[in-house]
Amino acid sequence: KPSASNDTFPNRFQKNNTAGIWFNEVAEFDFAEADLKLLVKRCTDAYLGFKEVNTKGLSPALLADKKPRMVFVTLTDTFGPAYVYLGTGKGIVAAVKSVVNQILPISTIMTVAKIDFVESPIDITQSGLQRKHVSKIDFYGLAFAKQTGFALLADEISSKSKRQRHHDLIASYKKAVIEKSKVDLFSSKSFYADQNEVVKLYRGHRFYKKLNEKKLLKAASLGAKYLTRSVKKSGKFIYSYLTRSDKVQKKYNMLRHAGTIYAMLEYYEVSKDKEVLAAAETAIGYLKKKIKPCGNKKQYKCVVDKEYVKLGGNGLAIIALSKYTLVTSDKQYIPLMQSLASWMLSVQKPNGQFVYKIRLSDEKDTGFVSEYYPGEAMLALVRLYNLDKNEKWLDAAEKDASYLIHIRDKGKKISRLNHDHWLLMALNELYRHRKKKDYLEHTVRIVTAITDAQHLEPLFPDYHGSYYVPPRTTPTAVRSEGLIAAYHLLLDHKYQTAMLLKIKRAFEAGISFQLQTQFRKENTLYLKNAQRVMGGFKRGLGNYEIRIDYVQHNVSSILGMYKMLRDGEIEY
């Protein structure tokens, strides 16, 4: 019987270790990637076809190998738990045959596999394995002494919640100490395999070095479908989902609710997927319930979030509803958007600055300042103008831009500028109606600030294209959105080719990083509810939380690049 990865299994591999090989005995691993891929393909063909491993055509290096080897095979049908098998043998082919021979007698319809070839382990002393190490070994497997028969792959460990991880590993550590056994960390060369492909994995995910329209649209579709599944009957989203523990958090944010509707409608615009549209309409219904009368005479409408009205809330509601109007030709929300925008104008100061947040009960300014609300407001006003052609919206957007460029950001070094994607999107669209040179110049300054901060020669190869350490998916995704908008603006107005190339390379690298954080079949094997997480974007490479805004910004930026490829604006 195989070992299901979602539980603790003492001695889980001992009886399968027929060659008597354990981790500290494994020889150094130096086979060519192409040779291993073919071996993985033969392994997959064998267990899918219920037949022996075909060794014909394997490289001489693989066939001649007689050194101690260990191979893990993780199998799943993507609906149930993953099952982990261990094969050992004198030689890599013998180890693969060993693991396949364990699988063949078991009736299975499992079609997805991850195959890990164990590399030389890293010895650590008994005293060296403490709680502080347990939380830092996400990218190493853990093996206890041979007599324990207990080992966990790196991805098994990182897919567990901290509580379960500590429970399993500390319990195993205590057992190892009692038995005076050694503990090893080990790395492995990993491959994902199904009926159609064999892909090398790095720390549990694939690299996306070459993008095309098909790959981008698939990623956006998976993300949009995740959001669609996340809409409850009430119209409220499952806002934050903890994938390791299969739990939903109670917190909520109406700005992100509205932004997520916008991303879903962007996907509908491309796909015409009626299921996505229906879910977005349900979410709009919940948004409408949060819109209340506001202003001193209650003459306006405002999005109310926990008894507060936020400039960004009204702005993002307009952005979402204007996109709905555009993609459906349904104009029912134009009066509502005009009322939301009128409140925004009522709290704009003579110098163009907005009040960012008020308490609904007494209409008082809380003093809160946001770096992103002004850009959201500006984009909302331009989008509303595009629908009703009322110049007052553009006038207010122009005042907002003047304040941001000539007062808030005046004299700032490029390195101190906020990487504001909403502002880049807004300046791109405002310039189409009010052509001011400083909009182009400020766009270039923000773009330079973003590209200067991007990881292009990082410590780890999967950090490439990201920002911050450790990198997170949403900061990268929003910058990709902003860079794509800036590219449109500068391309349409014949800006320098060198700058355009720099921007293009930056958002391509950013989106390649982002795709590594999307949940696909290969990186959901050990999670409690693989089907539920599929298509979502986690917070970062080592943080498995999915929140709707993580998915929102990734879907929007990926669609942005997809449309550029589709329309021939760029080549990749």
Side-chain angles (χ1 to χ4, degrees), residues 219-221 223-228 230-231 235-237 239 252-273 275-288 290-291 303 305 310-334 336-337 340-341 344 372-387 420-426 428-429 474 477-482 484-485 488 535-537 547-563:
S221 176
K225 293 300 178 63
Y226 174 86
L227 294 175
T228 298
S230 299
V231 179
K236 195 174 183 179
F237 287 98
Y239 176 74
Y252 210 76
N253 183 297
M254 283 307 301
L255 276 72
R256 291 167 181 154
H257 178 102
T260 301
I261 294 171
Y262 171 66
M264 294 173 73
L265 292 169
E266 282 191 295
Y267 177 72
Y268 172 75
E269 186 176 28
V270 166
S271 67
K272 304 305 179 187
D273 188 322
E275 185 179 9
V276 175
L277 177 61
E281 289 174 331
T282 302
I284 288 173
Y286 185 80
L287 173 63
K288 287 165 58 181
K290 295 295 180 179
I291 296 176
V303 176
D305 191 10
K310 304 171 185 177
L311 178 71
N314 274 30
L316 284 168
I318 293 172
I319 290 169
L321 294 174
S322 62
K323 176 59 74 171
Y324 179 81
T325 305
L326 181 66
V327 301
T328 65
S329 300
D330 183 346
K331 299 181 180 180
Q332 65 171 307
Y333 294 122
I334 289 180
L336 175 58
M337 287 187 278
L340 292 166
M344 292 163 60
Y372 297 102
Y373 289 1
E376 292 166 346
M378 190 190 307
L379 182 61
L381 292 168
V382 177
R383 294 277 175 93
L384 180 54
Y385 167 80
N386 290 336
L387 294 175
D420 190 346
H421 65 292
W422 290 114
L423 180 54
L424 288 175
M425 294 165 68
N428 171 39
E429 299 194 22
T474 305
V478 296
R479 285 163 176 78
S480 295
E481 286 181 90
I484 288 169
H488 281 297
F537 286 82
R547 209 169 66 189
I548 55 172
D549 55 313
Y550 305 163
V551 185
Q552 165 206 335
H553 290 295
N554 276 285
V555 168
S556 291
S557 56
I558 290 167
L559 283 174
M561 183 175 174
Y562 162 76
K563 288 185 283 189

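For Tyr267, there are no ring-ring contact (aromatic ring centres under 6.0 Å, His included) partners at least two apart in sequence or on another chain. With sequence neighbours excluded, the residues that form a salt bridge (Lys or Arg N to Asp or Glu O under 4.0 Å) with Asp273 are Lys225. For the side chain to side chain donor-acceptor pair (under 3.5 Å) test, residues two or more places apart in sequence or in another chain that qualify with Arg547 are Asp549. Partners of Ser480 according to the side chain to side chain donor-acceptor pair (under 3.5 Å) rule, which considers only residues two or more places apart in sequence or in another chain, are Gln514. A search for side chain to side chain contact (heavy atoms under 4.5 Å, CB included) contacts involving Thr228 returns Met264, Glu275, Val276, Ala279, not counting sequence neighbours. The ring-ring contact (aromatic ring centres under 6.0 Å, His included) test applied to Tyr373 returns Phe368, not counting sequence neighbours. With sequence neighbours left out, His421 forms a side chain to side chain donor-acceptor pair (under 3.5 Å) with no residue at all. Contacts of Tyr239 classified as ring-ring contact (aromatic ring centres under 6.0 Å, His included), with partners at least two apart in sequence or in another chain: Tyr252. With sequence neighbours excluded, the residues satisfying side chain to side chain donor-acceptor pair (under 3.5 Å) with Lys323 are Glu269. Partners of Tyr333 by ring-ring contact (aromatic ring centres under 6.0 Å, His included), not counting sequence neighbours, listed by chain and number: Tyr324. Taking Glu429 as the reference, Leu379, Val382, Arg383, Asn386 meet the side chain to side chain contact (heavy atoms under 4.5 Å, CB included) condition, with sequence neighbours excluded.
The line from NE2 of His553 to CD1 of Ile558 is 12.5 Å long, rounded to the nearest 0.5 Å. In this structure, CD1 on Ile484 lies 9.5 Å from CG on Leu559, to the nearest 0.5 angstrom. In this structure, Thr325 OG1 and Leu336 CG are separated by 9.5 Å, a value rounded to the nearest 0.5 Å. To the nearest 0.5 Å, the span separating CD on Gln552 from OH on Tyr262 amounts to 9.5 Å. Taking CG of Asp420 as the reference point, atom CZ of Arg479 lies at 10.0 Å (rounded to 0.5 Å). For the atom pair Glu481 CD and Asn554 CG, the distance stands at 8.5 Å (nearest 0.5 Å).
The environment of Lys290 atom NZ is sparse: at most 12 non-hydrogen atoms of other residues, nucleotides or ligands sit within 6.0 angstrom.
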Identify each donor-acceptor pair in which a side-chain atom of residues 311-321 lies under 3.5 Å from a protein atom, sequence neighbours left out, and give them as a table.
unit_1	atom_1	unit_2	atom_2	d
Asn314	OD1	Val303	N	2.9
Asn314	ND2	Lys301	O	3.3
Asn314	ND2	Leu340	O	3.1

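Nearest heavy-atom pair, Val551 versus Gly223, reported as atom, atom and distance to 0.1 Å: CG1-O, 3.5 Å. The two residues Gly235 and His257 have their closest heavy-atom pair at O-CE1, 3.2 Å. Taking every heavy atom of both residues into account, Ala220 and Val555 meet most closely at O-CG2, 4.1 Å. Glu376 and Leu255 make their closest contact through OE1-CD2, 4.5 Å (heavy atoms, listed as atom of the first residue, atom of the second, distance). Closest approach of Ala477 and Ser557 over heavy atoms only: O-CB, 3.6 Å. The two residues Lys310 and Asp305 come nearest to each other via the heavy atoms NZ-OD2, 3.4 Å.
Met254 is listed as a side-chain neighbour of Tyr286, based on a closest heavy-atom distance under 4.5 Å.
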Begin from the C-alpha positions of Asn253 and Phe237 and carry the test side chain to side chain contact (heavy atoms under 4.5 Å, CB included) through to its verdict.
-> CA-CA 10 Å; Asn253 183 297; Phe237 287 98; over 6 Å; no
